[in-house]
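Single-structure report; data block below.
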Amino acid sequence: RNHRREMECRSDIDRLNAPFLEIFESLVPAEEEKAKQKQLLASLEKLVNKEWPGAQLYLYGSCANSFGVSKSDIDVCLAIEDTDISKSELLLKLAEILESDNLQNVQALTRARVPIVKLMDPATGISCDICVNNVLAVVNTKLLRDYAQIDGRLRQLAFIVKHWAKSRGVNETYRGTLSSYAYVLMCIHFLQQRKPAILPCLQEMKATYTVTVDDIQCAYFDKVENLCDFGARNKESIAQLVWAFFDYWAHRHDYANAVISVRTGSIISKRAKEWTRRIGNDRHLICIEDPFEISHDLGRVVDKFTIKTLREEFERAANIMQYDPNPCVTLFEPY
Ligand code: CTP
Ligand code: MG
């Protein structure tokens with residue numbers, strides 16, 4: 001372990017910048033696709049408003065946080081105030097409305113952890129999940145999008161990490177690995193920690209945006225257009241950052257004691273959060289604090305088997321970045 005800690009980044013690392021950027025570019029959705037998503041959202045909103053005139057639809061998740069690859073499904077939140085019917089009934093009613101408008105594969109999943117209606121729009125081919133009143137997700141989507149505007153390297157790194165995680169089968173929360181949302185938070189935290197820092201900690205700065213959602217105060221500095229040269233003093237290239245990211249999660253992160261926290265821009269201890277014991281199904285084997293729901297560990301889905309898988313994957317990726325002649329291919333080989 002010790003000799004690894006002192007290991008230098010490979011000398012030809014910058015040779016990998018062009019191919020990594022090419023992968024990034026190939027994953028970015030075309031403007032045309034974004035336009036289709038907006039169009040679908042508008043037509044859904046029209047439909048919904050016939051039944052509930054005051055209701056609004058918001059995009060959240062990867063289609064709105066700027067970390068979405070092309071051909072992703074879109075996540076939509078229906079914001080609706082005091083209806084007298086339950087959430088399940090509301091979703092069933094919504095499904096009925098959508099079905100009668102020729103949307104396809106309409107399915108209400110009322111028992112899911114986050115209950116949703118799924119559908120596919122035959123006109124655009126876009127699939128969509130609609131949840132109800134999940135406003136916190138809309139706010140954390142804005143936080144991620146705001147971070148992405150500060151330094152372009154965040155988006156590049158996160159696309160590559162997400163692409164790696166999907167290729168390697170470690171982006172499946174129902175199987176005990178991490179969500180895309182968790183991976184993006186890991187990237188933000190990592191760039192906050194670089195020396196010099198590539199990203200600031202927006203929640204520690206003077207708040208210019210404040211909302212209260214479900215009794216949680218969400219406040220941070222969102223005038224990010226003023227921060228566009230924040231990371232300029234750090235000259236690390238995308239290839240160096242990909243290498244250092246995997247090296248961090250393979251060899252440097254203190255899994256036993258540390259919690260990564262985008263909210264504070266630092267590492268905090270499991271002890272301080274009382275995340276040292278397993279409570280119910282929450283195991284805290286890799287700790288990623290949600291920036292707003294701070295009692296929420298995004299690593300809680302990880303169990304004693306999948307933590308091993310994850311750590312082996314981080315080590316594999318770090319080794320490839322260190323030694324493999326062709327990391328841009330090997331990194332993403334299907335498992
Ligand atoms: N979300 C959340 N808490 C979680 C998981 C997700 O609040 N534990 C919200 C976040 O707003 C996130 C959105 O749900 O942006 C979608 O989550 P996810 O599917 O993990 O991420 P996407 O960015 O949509 O990624 P993908 O491209 O894989 O669909
Ligand atoms: Mg999504």
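Just so it is clear, the model here is predicted, and its values are computed rather than measured. Residues take their numbers from the sequence shown, with the count starting at 1. When a ligand or atom number is given, it counts from 1 through the structure's own listing order.
- Salt bridge status for Lys93 with Glu96: present, with a side-chain N to carboxylate O gap under 4.0 Å.
- With sequence neighbours excluded, the residues that form a side-chain contact (heavy atoms from CB on, under 4.5 Å) with Glu172 are Tyr174, Arg175, Thr177, Tyr335.
- Listed by number with element, the atoms of ligand 1 under 4.0 angstrom from any heavy atom of Thr141 are 11 (O), 15 (O).
- Here's the thing with Lys166: one of its N/O atoms is less than 3.5 angstrom from an N/O atom of ligand 1.
- Counting protein heavy atoms only, atom 21 (O) of ligand 1 is closest to Ser180 CB, 3.5 Å.
- Residue Phe245 holds its CZ atom at 6.0 Å from CG of Leu157, rounded to the nearest 0.5 Å.
- Looking at Ala137 next to ligand 1, an N or O pair under 3.5 Å apart turns up.
- The Mg ion (ligand 2) has Asp75 OD2 as its protein N, O or S neighbours under 2.8 Å.
- Closest to atom 24 (O) of ligand 1 among all protein heavy atoms lies Ser62 N, 3.0 Å.
- Protein heavy atoms all stay at least 4.0 Å away from atom 19 (O) of ligand 1.
- Side-chain atoms of Trp243 and Glu236, non-hydrogen and from C-beta on, never get closer than 4.5 Å to each other.
- By the 4.0 Å N-to-carboxylate-O rule, Glu312 lies too far from Arg316 to be salt-bridged with it.
- For a threshold of 3.5 Å applied to N or O pairs, the pair formed by Asp75 and ligand 1 contains at least one separation below that value.
- Here the protein heavy atom with the shortest distance to atom 15 (O) of ligand 1 is Gly61 CA, 3.2 Å.
- A donor-acceptor contact under 3.5 angstrom links the side chains of Tyr181 and Asn140, judged on distance only.
- Between the CG atom of Asp121 and the CD atom of Gln104 there is a distance of 8.5 Å, given to the nearest 0.5 Å.
- Looking at ligand 1, you'll find an N or O of Lys162 within less than 3.5 Å of one of its N or O atoms.
- No side-chain donor-acceptor contact under 3.5 Å links Asn257 and Ser269.
- Ranking the protein heavy atoms by distance from atom 11 (O) of ligand 1 puts Asn140 OD1, 2.4 Å first.
- The aromatic rings of Phe67 and Phe159 lie tilted to each other, with the angle between the two planes from 30° to 60°.
- Atoms of ligand 1 lying under 4.0 Å from any heavy atom of Asn65, numbered from 1 in the order shown and given with element: 15 (O), 23 (O).
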Item to check | Intermediate values then yes/no, salt bridge (Lys or Arg N to Asp or Glu O under 4.0 Å), Asp247 and Arg252 | outcome: CA-CA 7 Å; Asp247 180 62; Arg252 291 166 202 269; 2.4 Å; yes

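- Thr264 and Ser266 form a side-chain donor-acceptor contact under 3.5 Å, judged by distance and modelled atom types alone.
- How far SG of Cys77 is from CD1 of Ile116: 12.5 Å, rounded to the nearest 0.5 Å.
- Nearest to atom 8 (N) of ligand 1 among the protein's heavy atoms is Leu298 CD2, 3.1 Å.
- Residue contacts with ligand 1: Tyr60 is included, with a non-hydrogen atom under 4.0 Å away.
- Note: an N/O pair closer than 3.5 Å links Tyr181 and ligand 1 by distance alone.
- Rounding to the nearest 0.5 Å gives a distance of 5.5 Å between CD1 of Ile160 and CZ of Phe20.
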